[in-house]
Student: 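Here's a structure for you.
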Amino acid sequence: MPGSELRGKVALVTGGTRGIGKAIAEALAGRGCTVVVSARRRPRQRLAARLHFYECDVRDAVSIEALFSALRARFRRLDVLVNNSGVSHPLAEVQALAPEQWDSVIATNLTGLFRVTRAALPLMPRHSTIINNLSIAATRGFEGQAAYCASKHGALGFTRVLREEVRARGIRVLAVLPGATNTAIWDQFWPEAPRNSMLHARTVARVVLDAVLLPPNSVVEEITLMPAKGTL
Ligand SMILES: NC(=O)c1ccc[n+]([C@@H]2O[C@H](COP(=O)([O-])OP(=O)(O)OC[C@H]3O[C@@H](n4cnc5c(N)ncnc54)[C@H](OP(=O)(O)O)[C@@H]3O)[C@@H](O)[C@H]2O)c1
């Protein structure tokens with residue numbers, strides 16, 4: 001039945017409370033998937049049907065273990081993992097970039113992604129899918145964004161190794177590299193950025209959903225999705 005292709009499946013979307021993660025979570029739930037959304041803060045608004053919130057800070061190993069112990073007890077499996085939690089940082093050239101800022105961005109965007117994936121793999125059956133939401137900053141350099149670009153470049157390398165490691169287990173691994181998308185993350189480094197030509201989070205979600213719904217013997221390995229106008 002259309003609209004229920006993912007019924008009986010369970011997904012985890014880290015950072016699924018707003019922005020791109022929320023749009024992906026809602027797209028999966030719209031096809032019947034049960035979706036756990038995690039983040040540091042509970043969203044203020046009510047969650048859509050089939051969405052369940054769990055608190056988790058991906059920088060914190062104990063917090064990740066607590067999330068997965070709850071997931072194991074309640075759902076027992078994970079068919080879709082969307083590593084989406086991410087932060088940027090105020091624009092700063094390397095000599096002015098605070099080491100604490102560097103540590104926090106790497107801990108979230110790179111080490112957090114590794115830790116969550118490591119915890120998730122034992123729950124993932126054959127024909128499950130891992131989606132790492134990276135950025136065009138995974139392949140390009142943007143001045144003032146050294147920690148962000150380094151974290152995303154590292155996460156792309158991690159994703160490529162992971163894809164080969166789990167291929168034989170029938171787990172598909174997709175890297176999504178969106179360009180500028182209209183979300184709150186821009187407030188962290190360029191609040192006045194022109195938003196009109198940016199991608200909508202729902203557009204990124206549509207691409208991710210299409211990739212998840214492909215037959216299990218096919219995988220979209222990497223997608224770069226840009227605003228038609230190009231970079232800002
Ligand atoms: N917007 C863009 O232009 C763009 C382009 C390419 C890629 N991306 C990537 O897309 C992903 C989502 O970003 P977004 O644009 O949707 O930004 P966003 O609206 O700021 O959402 C970020 C999400 O990550 C969560 N998060 C942040 N730090 C976390 C932590 N330590 N532990 C757990 N969750 C954490 C946030 O919730 P809490 O703050 O409550 O924890 C929130 O749910 C990021 O990885 C970003 O790098 C964004």
Side-chain angles (χ1 to χ4, degrees), residues 12-27 35-45 47 51 53-68 81-90 100-101 103-117 119 131-140 142 145 147-156 158-159 174-191 193-205 207-208 222-227 229-232:
L12 167 64
V13 183
T14 68
T17 52
R18 60 172 193 261
I20 298 173
K22 182 179 181 210
I24 294 173
E26 289 176 349
V35 185
V36 171
V37 294
S38 65
R40 291 168 299 179
R41 286 164 295 222
R42 175 177 286 279
R44 281 198 209 100
Q45 68 282 25
L47 292 175
L51 260 50
F53 174 77
Y54 284 76
E55 192 181 307
C56 176
D57 184 337
V58 300
R59 295 170 301 180
D60 177 357
V62 174
S63 181
I64 292 173
E65 182 41 43
L67 168 66
F68 276 90
L81 167 65
V82 184
N83 281 307
N84 167 80
S85 281
V87 289
S88 187
H89 56 90
E100 302 73 33
Q101 198 84 68
D103 288 346
S104 179
V105 172
I106 299 292
T108 307
N109 298 0
L110 181 56
T111 314
L113 186 151
F114 156 67
R115 285 186 188 278
V116 169
T117 306
I131 295 119
N132 290 343
N133 186 19
L134 307 180
S135 164
I136 55 167
T139 57
R140 306 178 198 196
F142 296 102
Q145 286 280 280
Y148 186 74
C149 290
S151 71
K152 297 294 185 177
H153 273 69
L156 180 58
F158 170 82
T159 303
L174 160 67
V176 186
L177 281 63
T181 308
N182 187 3
T183 72
I185 206 170
W186 287 85
D187 296 337
Q188 297 171 23
F189 64 102
W190 187 11
R195 306 263 179 154
N196 286 349
S197 54
M198 289 186 184
L199 295 167
H200 196 289
R202 278 200 299 272
T203 311
V204 182
V207 163
V208 169
E222 290 175 10
I223 300 178
T224 300
L225 178 67
M226 293 294 290
K229 263 181 108 175
T231 46
L232 299 176

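Order of listing sets the numbers, starting from 1, for every ligand and every atom in it.
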Student: Report the member of L113, T183, N133 with the shortest heavy-atom distance to atom 15 (O) of ligand 1.
Tutor: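 The option holding the nearest heavy atom is T183.
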
Student: Please answer whether the main-chain N or O of E100 pairs with a side-chain N or O of S104 as donor and acceptor at a distance below 3.5 Å.
Tutor: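 Here the side-chain-to-backbone pair does not exist.
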
Student: For atom 48 (C) of ligand 1, which protein heavy atom lies nearest, and how many Å away is it?
Tutor: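 Of the protein heavy atoms, I20 CD1, 3.7 Å lies nearest.
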
Student: Of all the heavy-atom pairs spanning A175 and L134, show the shortest one and how long it is.
Tutor: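 Closest heavy-atom pair between A175 and L134: CB-CD1, 3.8 Å.
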
Student: Between V87 and ligand 1, which residue portion shows a heavy-atom distance shorter than 4.0 Å: side chain, backbone, both, or neither?
Tutor: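 The part of V87 near ligand 1 is the side chain, not the backbone.
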
Student: Please confirm whether P178 comes within less than 3.5 Å of ligand 1 when only nitrogen or oxygen atoms on both sides are compared.
Tutor: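 P178 vs ligand 1: no N/O contact under 3.5 Å.
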
Student: How far is atom 43 (O) of ligand 1 from its nearest protein heavy atom, and which residue and atom name does that atom have?
Tutor: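 Protein heavy atom at minimum distance: T17 OG1, 2.8 Å.
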
Student: I want to confirm something. Looking only at heavy atoms, which of P227, A180, G179, G19 is nearest to atom 5 (C) of ligand 1?
Tutor: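 Ranked by closest heavy atom to atom 5 (C) of ligand 1, first place is G179.
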
Student: Please report the closest heavy-atom contact between A137 and H153, naming both atoms and the distance.
Tutor: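 That closest heavy-atom pairing would be O-ND1, 2.9 Å.
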
Student: Tell me, which protein residue and heavy-atom name are nearest atom 32 (N) of ligand 1, and how many Å apart are they?
Tutor: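 For this ligand atom, the closest protein heavy atom is V58 N, 2.9 Å.
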
Student: Do you know the tightest heavy-atom contact between L199 and L225?
Tutor: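 What the structure gives for the nearest pair is CD1-O, 3.4 Å.
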
Student: Do you know which two heavy atoms are closest between W186 and A193, and how far apart they sit?
Tutor: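 Taking every non-hydrogen atom into account, CE3-CB, 3.6 Å.
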
Student: Report the nearest protein non-hydrogen atom to atom 39 (O) of ligand 1: residue, atom name, distance rounded to 0.1 Å.
Tutor: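 For this ligand atom, the closest protein heavy atom is R41 NH2, 2.4 Å.
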
Student: Short question: side chain of N109, backbone of V87 - any donor-acceptor pair under 3.5 Å?
Tutor: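 Yes, N109 side chain to V87 backbone: donor-acceptor pair under 3.5 Å.
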
Student: Mark up the atoms of ligand 1 that fall under 4.0 Å of a heavy atom belonging to C56, in ascending order.
Tutor: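 Ligand 1 atoms under the 4.0 Å threshold to C56: 32 (N), 33 (C).
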
Student: Are D57 and R115 within salt-bridge range, i.e. N to O under 4.0 Å?
Tutor: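 No.
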
Student: Can you tell which part of K152 has a heavy atom less than 4.0 Å from ligand 1: side chain, backbone, both or neither?
Tutor: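 Answer for K152: side chain.
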
Student: Quick one: ring-ring contact (aromatic ring centres under 6.0 Å, His included) partners of Y54, sequence neighbours excluded?
Tutor: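 Applying ring-ring contact (aromatic ring centres under 6.0 Å, His included) to Y54 gives none.
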
Student: Can you tell me which portion of S85 lies within the under-4.0 Å heavy-atom range of ligand 1? Options are side chain, backbone, both, or neither.
Tutor: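 For S85, backbone and side-chain atoms both sit under 4.0 Å from ligand 1.
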
Student: Which atoms of ligand 1 have any heavy atom of S135 under 4.0 Å away?
Tutor: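 The atoms of ligand 1 under 4.0 Å from a heavy atom of S135 are 6 (C), 7 (C).
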
Student: What closest approach, in Å, do T17 and Q45 show between heavy atoms, and which atom pair accounts for it?
Tutor: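 Nearest pair, atom of T17 first, then Q45: O-NE2, 4.2 Å.
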
Student: Tell me, which protein residue and heavy-atom name are nearest atom 19 (O) of ligand 1, and how many Å apart are they?
Tutor: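 Checking every protein heavy atom, the shortest distance to atom 19 (O) of ligand 1 gives R18 NE, 3.3 Å.
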
Student: Return the closest protein heavy atom for atom 27 (C) of ligand 1 as residue, atom name and distance.
Tutor: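 I find the closest protein heavy atom is R40 NH2, 3.4 Å.
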
Student: For atom 31 (N) of ligand 1, what's the nearest protein heavy atom and its distance?
Tutor: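 Result: D57 OD1, 2.9 Å.
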
Student: For the residue pair L177 and S135, what are the closest heavy atoms and their distance?
Tutor: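 So the two residues come closest at CG-O, 3.3 Å.
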
Student: State the atoms of ligand 1, each with its element, that fall below the 4.0 Å cut-off from a heavy-atom position in W186.
Tutor: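 In order of number, 1 (N), 2 (C), 3 (O).
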
Student: Pick out which of T183, N182, V208 makes a side chain to side chain contact (heavy atoms under 4.5 Å, CB included) with I20.
Tutor: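 The side chain to side chain contact (heavy atoms under 4.5 Å, CB included) with I20 is passed solely by T183 among T183, N182, V208.
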
Student: What is the closest protein heavy atom to atom 37 (O) of ligand 1, and at what distance does it sit?
Tutor: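 Looking at atom 37 (O) of ligand 1, the protein heavy atom closest to it is A39 CB, 3.5 Å.
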
Student: For ligand 1, is any non-hydrogen atom under 4.0 Å from S38's backbone (N, CA, C, O), its side chain (CB onward), both, or neither?
Tutor: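 Contact part for S38 vs ligand 1: neither.
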
Student: Please confirm whether the backbone N or O of I106 pairs with a side-chain atom of S151, one donor and one acceptor, at under 3.5 Å?
Tutor: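 Side chain of S151 to backbone of I106: no pair is present.
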
Student: Just going by heavy-atom distances, which of L134, N84, I185 is nearest to atom 9 (C) of ligand 1?
Tutor: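 Looking at heavy atoms only, the winner is L134.
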
